[in-house]
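Since this is a predicted model, take the numbers as computed values, not measurements. We use all heavy atoms of the structure for the numbers below, so side chains are in, but hydrogens, waters and symmetry mates are not.
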Amino acid sequence: MALQVYNYLTRRKEVFQPIHEGFVGMYVCGPTVYGHAHIGHAKVYITFDIVHRYLEYLGYRVRYVQNITDVGHLTDDADEGEDKIAQQARKERVEPMEIAEFYTRSYFEDMDALNVLRPDISPRASGHIPEQIELAQLLIEKGYAYVSNGSVFFSVKSWPSYGKLSGRNIDELEEGARIAVSPDKRDPRDFAVWRAAKPGHIMRWKSPWGEGFPGWHAECSVMAMKYLGLPFDIHGGGLENIFPHNESEIAQSEAAYGKEFARYWILNNMVTVNGVKMGKSLGNFTTIKDALTRHNPMTLRFFILSSHYRSTTDFTDEALDSAARGYERLIGPVRLTRERLRRAESDGEVDVTFAEVIRQHKEQFVAAMDDDFNTPQALAVLFDFGREVNTLLNSDRPMTRATLEAIDNFYRTLGGNVLGLIPDNLPTSTEGGLEAQLMELIIRLRAEARARKDWATADAIRAELARLGIVLEDRPEGTTWRMAQ
RNA sequence: GGCGACGUAGCCAAGUGGCAAGGCAGGGGUCUGCAAAACCCCGACCGCGGGUUCGAAUCCCGCCGUCGCCUCCA
């Protein structure tokens with residue numbers, strides 16, 4: 001068994017083989033920080049968080065680089081294109097860098113909430129202007145780019161393999177081109193590596209060709225190379241950027257440095273709303289912050305992971321409600337296990353039969369993840385395992401502490417470390433706090449009522465608590481409580 | 001027009017040559033003072049039409065439908 005990943009470069013699943021033994025370099029296209037992140041962003045970054053986490057689970061040392069685009073991303077490719085950050089700054093009447101900073105913080109806030117581990121390096125495009133100028137210079141020297149009116153354009157027809165990632169034929173590109181062609185381009189298919197700044201353009205830097213700013217694709221090329229070297233293992237991002245962004249990244253990098261760029265291209269499919277793509281321009285997006293006012297972060301994460309990353313995910317509140325119930329079911333046995341662990345259980349070895357159940361499910365889980373990060377399948381394994389755990393813990397079989405710990409460890413490792421779905425401390429199992437002490441008191445008083453067979457009082461307490469979102473469960477070994485979803 | 005993806009039970013969603021996972025919802029049952037939770041049982045022959053094969057949801061051809069990229073978008 002070995003990890004297989006679907007590589008967009010070859011359009012096939014391939015056995016993952018890192019360039020350097022035991023080490024993986026991964027670059028993922030990060031957000032352009034001019035607005036709050038939406039569910040579409042959640043899908044990409046959760047996807048690559050899973051890649052990141054699973055590679056580490058397999059024992060690789062991963063260096064994960066994800067850029068922050070704070071300059072160079074224009075509203076369109078025509079001459080009138082305004083920088084997205086600058087445009088937002090104008091609207092909010094602040095400095096462009098305040099916009100970038102504000103939304104960068106917002107982005108990390110959202111990712112932290114979704115339990116997405118931070119990348120190891122989050123380089124800013126604006127912090128790598130000299131490198132991007134150097135890229136443009138190299139391309140000019142080698143004859144792959146030309147200067148025109150203060151801008152530097154990559155000449156697509158000078159690079160025969162242009163189109164290899166997105167499966168596009170260069171000769172056919174021209175016909176379908178709808179873009180307003182910049183008069184500075186020699187060929188409409190060429191793209192900007194460096195752009196001359198118009199008089200009103202705020203974000204500008206000095207360059208050999210006059211004042212300007214980098215093209216959108218340039219940052220990824222130079223930052224990937226700077227922090228990961230060439231070639232590196234994995235390049236990730238959203239499928240909608242396969243062309244022209246990713247395609248151009250490869251072309252200019254391989255042309256400038258004369259080396260292969262990235263080995264494996266892993267791209268995730270989109271989030272849709274009523275079947276159509278969730279996107280900024282369509283205005284049909286839900287921000288993560290907004291979704292989190294209605295749903296738990298783990299529900300959102302569970303929802304994203306319950307479809308494969310290469311499939312589209314249709315977002316609706318109903319789907320999230322059903323995900324919330326599914327998530328509750330997923331963590332039910334975890335909660336049960338941890339409650340049992342809090343009580344002293346007998347010493348002794350791990351139950352032999354159940355040790356085998358654990359081993360089998362772990363094997364199935366790994367097989368699912370090895371198959372191109374099949375998280376829906378991995379979740380199914382977790383559900384199957386949960387059924388086994390529920391059956392075991394609800395039976396009269398004597399339970400050793402070691403068995404419970406083995407179960408808990410399974411969940412902590414696969415559900416927690418790998419999927420990031422099962423926190424080490426479930427939010428409702430707070431011990432010692434005032435809330436927990438009060439609940440203990442209420443449960444004790446209710447137990448007394450039940451002992452007297454005063455069902456009216458007992459039921460009233462349960463109903464009132466339910467109104468407050470607290471669920472009581474009377475089990476043979478005592479009453480437990482938790483917050484409803 | 002070019003390139004590409006998808007179409008599996010009421011809904012969501014794995015499977016990609018050998019008798020169709022899992023979740024949500026629903027029905028029946030066990031347990032429970034009642035509930036909740038849990039456990040057990042119940043549902044699809046895989047868009048349509050052909051073809052290849054001993055055998056296809058899974059491969060090939062055609063059709064229908066939905067969507068994506070080709071222009072900013074994770």
Peer 1: Between B/A37, B/A38, B/C69, which nucleotide gets closest to the side-chain atoms of A/E473?
Peer 2: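 For the A/E473 side chain, the nearest candidate turns out to be B/A37.
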Peer 1: State, yes or no, whether a side-chain contact exists between A/L393 and A/M399 at a heavy-atom distance under 4.5 Å.
Peer 2: yes
Peer 1: Students often get this wrong, so: under 4.0 angstrom with heavy atoms, is A/Y45 touching a base, only sugar-phosphate, or nothing?
Peer 2: sugar-phosphate
Peer 1: Students often get this wrong, so: under 4.0 angstrom with heavy atoms, is A/H38 touching a base, only sugar-phosphate, or nothing?
Peer 2: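 Base contact - A/H38 has a heavy atom under 4.0 Å of at least one base atom.
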Peer 1: Between A/N268 and A/S166, which has a closest nucleotide on RNA chain B that is more 5'?
Peer 2: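 Nearer the 5' end of the strand: A/S166.
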Peer 1: For a quick test of reading the model: is some side-chain N or O of A/R462 closer than 4.0 Å to OP1 or OP2 of B/A36?
Peer 2: no
Peer 1: Which value, in whole Å, describes the distance between the C1' atoms of nucleotides B/G2 and B/A20?
Peer 2: 37 Å
Peer 1: Does the structure show a Watson-Crick or G-U wobble partner for B/U16, both distances under 3.5 Å? Name it, or say none.
Peer 2: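 Answer to the pairing question: none, since B/U16 forms no Watson-Crick or G-U pair.
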Peer 1: Per the side chain to side chain contact (heavy atoms under 4.5 Å, CB included) rule, which among A/L414, A/I50, A/D49 passes with A/L419?
Peer 2: A/I50
Peer 1: Quick check: do A/Y34 and A/E92 have side-chain heavy atoms less than 4.5 Å from each other?
Peer 2: no
Peer 1: When rounded to the nearest Å, what value does the distance between C1' atoms of B/G43 and B/A56 take?
Peer 2: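 Between the two C1' atoms, the distance is 23 Å.
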Peer 1: Mind checking the P distance from B/C24 to B/A57? Whole angstroms is fine.
Peer 2: 28 Å
Peer 1: Does B/G33 have A/W455 stacked on its base, where the ring centres are within less than 5.5 Å and the planes differ by under 30°?
Peer 2: yes
Peer 1: A/K13 side chain N/O closer than 4.0 Å to the phosphate oxygens (OP1, OP2) of B/U16?
Peer 2: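 No, outside the criterion.
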Peer 1: Report yes or no: do A/S122 and A/Q66 form a side-chain donor-acceptor pair below 3.5 Å?
Peer 2: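 Side chains of A/S122 and A/Q66: no pair found under 3.5 Å.
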Peer 1: Both distances below 3.5 Å, Watson-Crick or wobble geometry, any strand: find the nucleotide opposite B/C45.
Peer 2: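 Here B/C45 is not engaged in any pair, so there is no nucleotide opposite it.
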Peer 1: Could you pick out which residue, A/N274 or A/R11, lies toward the 5' side of RNA chain B when each is mapped onto its nearest nucleotide?
Peer 2: A/R11
Peer 1: Taking the P atom in each of B/A35 and B/C12, what is the distance between them to the nearest angstrom?
Peer 2: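 Between the two P atoms, the distance is 33 Å.
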Peer 1: For RNA chain B, determine which residues of residues 373-389 of chain A have any heavy atom closer than 4.0 angstrom to one of its atoms, and list them numerically.
Peer 2: A/N374, A/P376, A/Q377, A/A380, A/F383, A/D384, A/R387
Peer 1: Could you tell me whether A/K362 atom NZ has more than 12 heavy atoms of other residues or ligands within 6.0 Å of it?
Peer 2: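 No, NZ of A/K362 has 12 or fewer neighbouring heavy atoms, counting only those of other groups under 6.0 Å.
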Peer 1: Among A/Q377, A/H308, A/K13, A/Q4, find the one that has a side-chain hydrogen bond (donor to acceptor under 3.5 Å, both in side chains) with A/D371.
Peer 2: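 The option that passes is A/K13.
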Peer 1: Does any donor-acceptor pair link the side chain of A/R325 with the base of B/G23 at a separation under 3.5 Å?
Peer 2: no
Peer 1: B/G55 and B/U66: how far apart are their P atoms, nearest whole angstrom?
Peer 2: 35 Å
Peer 1: Give the nucleotide from the list B/G33, B/C69, B/G15 with an atom nearest to the side chain of A/D459.
Peer 2: B/G33
Peer 1: Could you measure between the two C1' atoms, the one in B/U58 and the one in B/U8, and give it in whole Å?
Peer 2: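 B/U58 and B/U8 have their C1' atoms separated by 11 Å.
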Peer 1: When all nucleic acid strands are considered with a 4.0 Å heavy-atom cut-off, which category describes A/L336: base, sugar-phosphate, or nothing?
Peer 2: nothing
Peer 1: From the options B/C70, B/G68, B/A36, select the nucleotide whose nearest atom is closest to the side chain of A/V276.
Peer 2: B/G68
Peer 1: Using a cut-off of 4.0 Å on non-hydrogen atoms, how would the nucleic acid contact of A/N241 be classed: base, sugar-phosphate, or nothing?
Peer 2: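 The answer is sugar-phosphate, as A/N241 gets under 4.0 Å only of primed atoms, P, OP1 or OP2.
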Peer 1: Mind checking who B/U58 pairs with, Watson-Crick or G-U wobble, both distances under 3.5 Å?
Peer 2: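 B/U58 is paired with nothing.
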Peer 1: Under 4.0 angstrom, heavy atoms only, what part of the nucleic acid is A/S311 near: base, sugar-phosphate, or nothing?
Peer 2: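 Here A/S311 touches the backbone only, sparing every base.
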Peer 1: Do A/Y103 and A/F108 make a side-chain contact, defined as non-hydrogen atoms from C-beta onward lying under 4.5 Å apart?
Peer 2: no
Peer 1: Does the side chain of A/T391 get closer than 4.0 angstrom to OP1 or OP2 of B/C40 through an N or O atom?
Peer 2: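 Indeed not, no polar side-chain atom of A/T391 lies that close.
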Peer 1: Is a donor-acceptor contact shorter than 3.5 angstrom present between the side chain of A/D474 and the base of B/C34?
Peer 2: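 In this structure, the two groups form a donor-acceptor pair.
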Peer 1: Specify the separation, in whole Å, of atom CG of A/L330 and atom P of B/G23.
Peer 2: 10 Å
Peer 1: Using a heavy-atom cut-off of 4.0 Å across all strands, would you classify A/K43 as base, sugar-phosphate, or nothing?
Peer 2: nothing
Peer 1: Mind checking the C1' distance from B/G7 to B/U16? Whole angstroms is fine.
Peer 2: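 Going atom to atom, C1' in each nucleotide, I get 15 Å.
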Peer 1: Taking salt bridge (charged side-chain N to carboxylate O under 4.0 Å, His left out) as the criterion, tell me which of A/R105, A/K289, A/R301 meets it with A/D110.
Peer 2: A/K289
Peer 1: Report which part of the nucleic acid A/G332 touches: base, sugar-phosphate, or nothing (heavy-atom distance under 4.0 Å, all strands).
Peer 2: nothing
Peer 1: Please give the nucleotide sitting opposite B/C39 as a Watson-Crick or G-U wobble pair, both distances under 3.5 Å, or none.
Peer 2: B/G29
Peer 1: Which part of the nucleic acid, if any, lies within contact of A/V28, taking any heavy atom under 4.0 Å across all strands shown: a base, the sugar-phosphate backbone alone, or nothing?
Peer 2: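 Since no nucleic acid heavy atom lies under 4.0 Å of A/V28, the category is nothing.
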Peer 1: Could you check which nucleotide pairs with B/A5 in any of the strands shown, counting Watson-Crick or G-U wobble with both distances under 3.5 Å?
Peer 2: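 Paired with B/A5, as far as the under-3.5 Å criterion goes, is B/U66.
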Peer 1: Tell me what A/R329 touches on the nucleic acid: a base, only sugar-phosphate, or nothing, going by heavy atoms under 4.0 Å.
Peer 2: sugar-phosphate
Peer 1: Would you give me the side-chain donor-acceptor pairs under 3.5 Å for residues 112-119 of chain A, sequence neighbours excluded?
Peer 2:
| residue | atom | partner | partner atom | Å |
| --- | --- | --- | --- | --- |
| A/D112 | OD1 | A/R118 | NE | 3.0 |
| A/D112 | OD2 | A/R118 | NH2 | 2.7 |
| A/N115 | ND2 | A/G420 | O | 3.0 |

Peer 1: Regarding A/K185 and A/S148, is there a side-chain donor-to-acceptor distance under 3.5 Å anywhere?
Peer 2: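 Result is no, nothing qualifies.
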Peer 1: Between B/C60 and B/A44, how far apart are the C1' atoms? Round to whole Å, please.
Peer 2: 26 Å
